[in-house]
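Every chain is numbered from 1 and lettered A, B, ... according to where its sequence line falls, protein lines coming before strand lines.
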Protein chains: 2
Amino acid sequence: MRMDELDSGACSIARAVELVGDRWVVLVLRDLFNGVRRFDALRDHLGISRDVLTKRLADLVAAGLVERRGYRDEGSRERHEYVLTPAGRDLRTVLTALMDYGDTHLAGPEGAPMSVRHRDCGAEVHAHLVCDAGHDLQSQDRTTVVPLAGARVR
Amino acid sequence: MRMDELDSGACSIARAVELVGDRWVVLVLRDLFNGVRRFDALRDHLGISRDVLTKRLADLVAAGLVERRGYRDEGSRERHEYVLTPAGRDLRTVLTALMDYGDTHLAGPEGAPMSVRHRDCGAEVHAHLVCDAGHDLQSQDRTTVVPLAGARVR
DNA sequence: ACGCTGGGTCCGGATATCGGACTCAGGTAC
DNA sequence: GTACCTGAGTCCGATATCCGGACCCAGCGT
């Protein structure tokens with residue numbers, strides 16, 4: 001079966017990219033992973049317009065990736081902050097894969113700007129392709145794609 | 001050091017998302033991985049407008065992820081097809097991570113639509129977070145992020 | 001009473017997207 | 001030779017989105 005006979009929309013990549021297929025969404029998620037939680041902190045750091053940030057955060061909340069949570073610094077009234085939900089945190093593999101790609105192909109002469117470390121052992125963390133039998137496929141191309149029940153023929 | 005003191009643009013995720021932070025780019029790459037190579041086949045399968053497809057393909061070629069290659073079916077004049085370069089193929093980890101995310105969080109009741117298999121052993125392939133000491137971090141959150149030489153303070 | 005601050009909304013111009021019509025070149029059919 | 005088909009685009013006008021900037025609003029401190 002040729003892949004172009006299957007419905008492009010009934011594909012997990014298509015569904016996932018519906019959520020995160022946007023520059024700002026990815027950068028907002030990155031900052032949320034890094035502990036930047038407040039509207040104006042995000043706005044300052046990313047240089048995104050307030051308008052768009054409002055919309056992106058609302059979309060992320062609606063999609064269940066982010067939770068809007070009240071907090072109160074003493075001597076201030078209540079404010080909001082944005083924190084990743086477990087579903088949002090599951091995107092870490094995607095962000096790490098993007099980061100690995102940028103490190104390898106797009107870094108300047110100074111090399112990679114950041115390193116993700118395993119908190120327990122200090123070693124660098126990367127996204128790898130691994131098969132369920134335990135083979136690491138990094139940088140090889142030994143894969144085939146087969147349709148399953150959720151696929152739809154056009 | 002707080003992460004929001006570092007330049008958001010000097011980040012491998014920001015650089016990578018400059019290339020692939022677009023719905024159509026990701027879907028075009030997916031189809032190229034799956035062997036859909038010709039302009040009109042991509043257009044039909046994705047339902048993208050010709051205009052936008054032309055531009056996305058040109059951007060991908062300019063970025064070195066895709067090569068535009070002449071070919072000739074017998075009895076036709078020369079045509080073009082688009083094939084991934086090695087740099088483009090390195091995005092497989094990103095696409096697999098997106099697919100895993102979609103399979104886990106966005107699949108319908110029929111389950112996942114596709115499965116990527118290791119050609120040598122037939123087992124399913126997934127993107128995992130793995131540290132250089134060999135620990136698999138899947139679904140844990142035991143990471144810290146540290147700035148390196150390529151980071152820029154704002 | 002007044003201003004400051006976090007977290008927005010509103011607005012107008014610039015950009016991008018979409019679907020559809022038009023183009024162009026080489027090959028086949030007559 | 002002429003008409004037509006096909007793959008691969010370009011052009012166009014209407015809509016949608018993005019961006020920067022101005023404006024708003026609710027409490028708290030003074």
Enquirer: If I take atom CD in residue B:Glu81 and atom P in nucleotide D:dA8, what distance separates them, rounded to the nearest angstrom?
Expert: 9 Å
Enquirer: When you measure from the side-chain N and O atoms of A:Trp24 to the phosphate of D:dT17, is any distance below 4.0 Å, counting only OP1 and OP2?
Expert: no
Enquirer: Between A:Arg38 and A:Tyr71, do the side chains contain an N or O donor and an N or O acceptor separated by less than 3.5 Å?
Expert: yes
Enquirer: Considering just the side-chain nitrogens and oxygens of B:Tyr82, establish if one lies under 4.0 Å of OP1 or OP2 belonging to D:dG7.
Expert: no
Enquirer: Can you check the A:Arg79 CZ to C:dG7 P distance for me, whole Å?
Expert: 6 Å
Enquirer: Give a yes/no answer on whether the side chain of B:Arg37 brings an N or O atom under 4.0 Å of OP1 or OP2 in D:dA8.
Expert: no
Enquirer: For a quick check of understanding: with a heavy-atom distance under 4.0 Å over all strands, which category does A:Arg23 fall into, base, sugar-phosphate or nothing?
Expert: nothing
Enquirer: Rounded to the nearest angstrom, tell me the gap between atom CG in B:Asp40 and atom P in D:dC5.
Expert: 16 Å
Enquirer: Mind calculating the distance between CZ (A:Arg69) and C1' (C:dG7) to the nearest angstrom?
Expert: 18 Å
Enquirer: Taking atom types as they are modelled, is there a donor-acceptor pair under 3.5 Å from the base of C:dC11 to the side chain of A:Asp51?
Expert: yes
Enquirer: So, B:His128 versus A:His128, ring centres under 6.0 angstrom or not?
Expert: no
Enquirer: So that I can tick it off, tell me whether B:Asp59 and B:Lys55 are bridged by a salt bridge, with the cut-off set at under 4.0 angstrom between side-chain N and carboxylate O.
Expert: yes
Enquirer: Take the protein atom CG of A:Leu53 and the nucleotide atom C1' of D:dG21, then report the distance between them rounded to whole Å.
Expert: 16 Å
Enquirer: Taking 4.0 angstrom as the limit, do B:Arg37 and B:Asp31 come out as a salt bridge?
Expert: no
Enquirer: Look at all strands and tell whether A:Arg38 reaches a base, only sugar-phosphate, or nothing, counting heavy atoms closer than 4.0 Å.
Expert: sugar-phosphate
Enquirer: Check whether any side-chain N or O of B:Thr54 sits under 4.0 Å from OP1 or OP2 of D:dA8, and answer yes or no.
Expert: no
Enquirer: Kindly point out which of D:dC18, C:dG8, C:dA21 is positioned nearest to the side chain of B:Arg50?
Expert: C:dA21
Enquirer: Tell me whether the OP1 or OP2 atom of D:dG9 has a side-chain N or O from B:Arg68 closer than 4.0 Å.
Expert: yes
Enquirer: Between D:dA8 atom P and B:Arg43 atom CZ, what is the distance in whole Å?
Expert: 12 Å
Enquirer: Any salt bridge between A:Arg23 and B:Asp22, counting N to O under 4.0 Å?
Expert: no
Enquirer: Looking for any heavy atom pair under 4.0 Å, which part of the strands does A:Arg56 touch: base, sugar-phosphate only, or nothing?
Expert: sugar-phosphate
Enquirer: Rounded to the nearest angstrom, tell me the gap between atom CZ in A:Phe39 and atom C1' in D:dC25.
Expert: 14 Å
Enquirer: Let me spell it out: for each of B:Lys55 and A:Asp22, pick the nucleotide of DNA chain D with the closest heavy atom. Which residue's pick is nearer the 5' end?
Expert: B:Lys55
Enquirer: Separation of B:Ile48 atom CD1 from C:dA16 atom C1', in whole Å?
Expert: 12 Å
Enquirer: Is the distance from OP1 or OP2 of C:dG7 to the nearest side-chain N or O of A:Tyr71 less than 4.0 Å?
Expert: yes
